[in-house]
Amino acid sequence: MANVRVQSRMLICNLIIVVAIFWTPVSSDFIYNGFRTARLALDGLAVITPDGLLRLTNTTEQEKGYAFYSSPLRFKNSSRGKAFSFSTTFVFSIVHELPEVSGHGIAFVISPTNEFPGALPSQYLGLFNGTNSGDPTNRIVAVELDTILNSEFGDVDDNHLGIDINGLRSNRSAPAAYFTSTGGLHNLSLRSGEPMQVWVEYSGTERSLKVTLAPIGLRKPRLPLLSLPIDLSPIFTEHMYVGFSSSTGSLLTSHYILGWSFEMNGAQVPLLDLSRLPPFPRRDQQGSEKSSKVLIIGLPVLLGVVVFTLTISSVVFVIRRKMKFAELLRTGKATTSTDVFAFGAFMLEVACGKRPIITDASSTSQELVLVDWVSECQRRRGSILEAADPRLGSNYVTEEMELVLNLGLLCSHPLPDFRPSMTQVMEYLDRNIDLPDQYWSDGISMSLVSVRSSDLDNPNVSYASKETVISGSSITSVQNDRLLDKPEVSYSSKDTASLLSVADLSDSSSGT
């Protein structure tokens, strides 16, 4: 009888231990000041470099990279239990190969699985696709560091943080920035290449999720950048994976994590030892990858890289010196729309093998604007491919040539509001978004009309307009809700001296 009592007591003690293990909040925490010995499950492009950096992606196009803590963590005591509080911080760096553009970003992820079959790269960050983004059965919570503007997801800009619940349309988002000690907001560039630190904190008591950003070395700001009132209990399963996802498009970008710590049910997130972090990557470390990559990328990407670089580094500089674009004459200053126009004009010059001002073969005295000529091929001749450089013969991909020519026309649209941003241009080249079906009107010339030098001193001519509609020989301006029609000033293609080739502008700039 005594033995039975002893055995019963032992059984009860064992049951108490089991209950304590499975029904008491578990404090799961880790600190990685570098990842040489980290317990991570890697997939896709993700690797740990010899220096201890976690590189989620390299400059491979249209790929994904994942890094998750090797074991799932307990986030609730039961399926209907309350989600535990947690906090995490990590240091990241986004290294791109082109000035001012990168893609597509990093997401800190809490998910019931660390595998995402069917997920797409590019704007989907390796987490979702066009069908399941927004599906509540995903049970995914993510904090995105997004460097591409995707209008389909309602992005605020191409440099923002967002809290995503089950999809990529953020529940909260804001341009990348941090609050100073005085309460001021200081902007940051996620694609600067400089390391930055992110804090993600959830309070199960307050039922709120907060995200804070700051440059590395700066103490955690008192005010978070994002704050979302939310109860994560209905979203979380009992066990969830924590980690990172990243993806690439056509832009050459590498995404790095330098250090990471996580705390469950702790008072505050464990501090990273910044002095022990691996050296953060620099852009020049990837020169060999860039050189080999440029040799194999397709026509749209090649044109995008070459034209964008030339446009930013030389064309814009020369244009701003010469001040010969009609838009510059109207507004008196260069704008990003002017840069996009230069992009389009040069893209057409490359694809067509012609200068922006060409001579009509049927008339030696008649000059045509290249933009108008390409538009003519598209609208009246029925095939924009007639504008392709005849020296290429058939040695090009038809779909790619059509894309480049149509995009060149769109960038050269006479109305600045109709032109895409440079980020959208890269998205078009990457085929992440489709070109609009119609972006011209039969009554509107596709070229920007410049002004005869004799008109520059004419006090009756106004060039400061918000929008210009070109039709026939008249120019109509809308300014301050006032319609100003000036049919007495006519412009012909012969007068369009502003549409010079890059070589012409470069040659003449030294004499100005």
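For the numbers below, each heavy atom of this structure counts, side chains included, while hydrogens, waters and symmetry mates do not. Quick note: residue numbers are just sequence positions, from 1.
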Taking only residues two or more places apart in sequence or in another chain, which ones pass ring-ring contact (aromatic ring centres under 6.0 Å, His included) with H186?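 Checked H186 against ring-ring contact (aromatic ring centres under 6.0 Å, His included); matches are Y178.
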
Main chain of S261, side chain of T88: is a donor-acceptor contact present, judged purely on distance under 3.5 Å?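 Yes, because the side chain of T88 sits within donor-acceptor range (under 3.5 Å) of the backbone of S261.
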
For the side chain of Y202 and the backbone of L232, is there at least one donor-acceptor N/O pair under 3.5 Å apart?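 It does hold such a pair.
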
Taking only Lys NZ, Arg NE, NH1 and NH2, and the carboxylate oxygens of Asp or Glu, determine whether K220 and E201 approach each other closer than 4.0 Å.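 So K220 pairs with E201 through a salt bridge.
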
Beyond-backbone contact of [X] with [Y], side-chain heavy atoms, under 4.5 angstrom:
X: L53; Y: R55; answer: no
X: N114; Y: Y66; answer: no
X: L407; Y: V425; answer: yes
X: H96; Y: T147; answer: no
X: N150; Y: D155; answer: yes
X: E61; Y: D430; answer: no
X: P121; Y: E63; answer: no
X: N159; Y: N187; answer: no

Would you call the rings of F30 and Y69 parallel, tilted or perpendicular if under 30° counts as parallel and over 60° as perpendicular?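 Parallel, since the angle between the ring planes stays under 30°.
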
Least distance between heavy atoms, L226 atom then R172 atom: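 Distance-wise, the nearest heavy atoms are CD1-O, 4.1 Å.
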
Looking at every non-hydrogen atom in both residues, tell me the closest pair between R39 and S71 and how far apart they are.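 For R39 and S71, the tightest heavy-atom pair comes out as NH2-OG, 3.3 Å.
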
Which residues share a salt bridge (charged side-chain N to carboxylate O under 4.0 Å, His left out) with D231, sequence neighbours left out: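 D231: salt bridge (charged side-chain N to carboxylate O under 4.0 Å, His left out) contacts with R207.
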
Applying side-chain contact (heavy atoms from CB on, under 4.5 Å) to C352 and V374, what does each step give before you reach the verdict? CA-CA 9 Å; C352 300; V374 176; 3.7 Å; yes

Is the distance between the ring centroids of F86 and F75 under 6.0 Å?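 Between F75 and F86, which both carry aromatic rings, the centre distance is below 6.0 Å.
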
Of W260, F262, Y32, F244, which is the lone residue that meets ring-ring contact (aromatic ring centres under 6.0 Å, His included) with F90?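 Between F90 and the candidates, ring-ring contact (aromatic ring centres under 6.0 Å, His included) is satisfied uniquely by F244.
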
To the nearest 0.5 Å, tell me how far L161 CG sits from D146 CG.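 Answer rounded to 0.5 Å: 9.0 Å.
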
